[in-house]
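Have a look at the structure below, then the notes.
Hydrogens, waters and symmetry mates play no part in the numbers below; they use all other heavy atoms, side chains included. We count ligands from 1, going down the list as the structure has it; atoms in each ligand are counted the same way.
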Amino acid sequence: MTSNQRPLALQMCPFSPMLDKGVQALFDVVRWDTLAADAQAAFLRGRGAQVRAMATGGHIGCPPPLMAALPALGIIAINGVGVDKVDLAEAARRGIGVTNTPDVLTADVADLAIGLVIDLLRGIARGDLHVREGHWPSGDRPLAHRVSGRKFGIVGLGRIGRATADRLAAFGPVRYNGGSAKDAPYDFEPDLLALASWADVLLLTCPANAQTYRLIGKDVLDALGPQGFLVNVARGAVVDEAALIEALAQHRIAGAALDVFENEPYVPDALQQSEHVVLTPHVASATIECRKAMAEIVLGNLQAFLAGKPLLTPVT
Ligand code: 8YV
């Protein structure tokens with residue numbers, strides 16, 4: 001089959017080699033993120049009407065003007081669980097299928113959340129730097145904080161929140177907030193400020209949406225207080241980053257561990273320079289095993305779309 005016989009797809013971001021190859025086997029692929037603005041505009045004028053599919057990341061989604069410029073778009077296959085960067089109502093109105101990769105990344109994201117809690121309180125990354133940068137002979141690191149026995153507040157007890165809670169329960173009591181009480185062996189705290197003032201560590205595992213936009217602002221951070229820690233593996237948009245930076249600078253919270261940011265991949269200098277912050281570059285699902293499982297779902301959805309069969313994991 002020559003490339004011009006294949007349906008046309010836009011790929012919005014880099015993928016693993018396996019997913020790259022899989023998408024290229026099905027479609028004539030245009031890597032949208034590698035085109036300059038003028039090349040994007042020229043592409044849309046020339047071939048925009050032929051694009052049938054989009055393969056994208058959870059953190060990228062489909063920008064609304066691009067969706068509007070692709071009249072034949074039939075599927076947006078997200079390589080991720082988050083659907084916050086896709087206008088689902090508009091996709092439904094136009095009959096565009098939207099798929100994500102639930103379940104297969106739950107354990108990996110929860111594992112990273114636990115890693116961030118331990119690093120934040122025990123200073124693993126800071127200790128590593130202390131050794132590597134040759135500071136150890138001049139003195140020890142300051143004492144860290146015990147993890148075991150801490151109180152953990154979870155914002156959003158969906159699949160990832162529940163898996164995180166189950167792991168944290170080995171360390172200390174867990175309570176949660178978000179939506180309604182779930183069938184779970186943890187106390188539901190309907191008041192976010194009460195949860196933040198109870199918790200030693202507040203973990204964010206909720207989806208980003210209109211209800212959770214900048215949910216964690218000055219009031220919640222002050223309720224968490226000077227001995228409290230924040231961990232975010234959800235989305236940058238859930239936190240008011242300026243309020244967080246101010247709370248850290250004024251020692252109104254003890255520290256934060258962040259895998260996600262408002263303007264990825266750019267991280268404010270104030271966060272990069274703070275001794276009380278642990279940073280990871282949005283890697284919660286970035287294991288070989290997880291990305292392979294995610295890729296299989298993305299490809300399965302794209303194949304189903306091409307075959308006119310029901311999608312494997314439609315977002316309802
Ligand atoms: C990925 C994510 O980093 O699942 C999500 O929503 O944000 C992450 O798992 C991203 O989607 C990779 O493409």
Handout entry: Ligand-residue contact atoms, ligand 1 with Arg235, heavy atoms, under 4.0 Å
Key = 2 (C), 5 (C), 6 (O), 7 (O)
Completion exercise
protein heavy-atom neighbour closest to atom 9 (O) of ligand 1 works out as Ser285 OG, 2.7 Å
Fill in the blank from the handout: ligand 1 atoms nearer than 4.0 angstrom to some heavy atom of Gly82 are 4 (O), 5 (C), 6 (O)
Exercise for the section: Would you check if the side chain of Thr101 reaches a backbone N or O of Gly80 as a donor-acceptor pair within less than 3.5 Å? Expected result: yes
Exercise for the section: Applying side-chain contact (heavy atoms from CB on, under 4.5 Å) between Val174 and each of Ile154, Thr164, Asp187, report the one that passes. Expected result: Ile154
Problem - Sidechain-backbone polar pair: Arg252 side chain, Leu248 backbone, donor-acceptor under 3.5 Å - result: no
Exercise for the section: May I ask you to check if ligand 1 and Gly58 share an N or O to N or O distance below 3.5 Å? Expected result: yes
Practice task
Would you kindly say whether Asp28 and Gln5 are connected by a side-chain donor-acceptor distance under 3.5 Å?
Solution key: no
Fill in the blank from the handout: If you scan protein heavy atoms around atom 5 (C) of ligand 1, the nearest is Val81 N, 3.3 Å
Exercise for the section: Before signing off on this row, confirm whether Gly57 and ligand 1 have an N or O atom pair separated by under 3.5 Å. Expected result: no
Practice task
Just go through His59, His282, Arg291 and tell me whose heavy atom is the nearest to atom 2 (C) of ligand 1.
Solution key: His282
Problem - Close N or O approach (Met294, ligand 1; < 3.5 Å) - result: no
Problem - Heavy atoms from other residues, nucleotides or ligands near CZ of Arg94 exceed 12 (cutoff 6.0 Å) - result: yes
Practice task
Salt-bridge test for Glu90 and Arg93: reply yes if a basic N is under 4.0 Å from a carboxylate O, no otherwise.
Solution key: yes
Practice task
Consider only side-chain N and O atoms of Asp166 and Tyr186, and report whether a donor and an acceptor are under 3.5 Å apart.
Solution key: yes
Practice task
Please could you name the atoms of ligand 1 that Asn79 approaches to less than 4.0 Å, counting only its heavy atoms?
Solution key: 10 (C), 11 (O), 12 (C), 13 (O)
Problem - Leu105 and ligand 1 - part of the residue with a heavy-atom distance under 4.0 Å - result: side chain
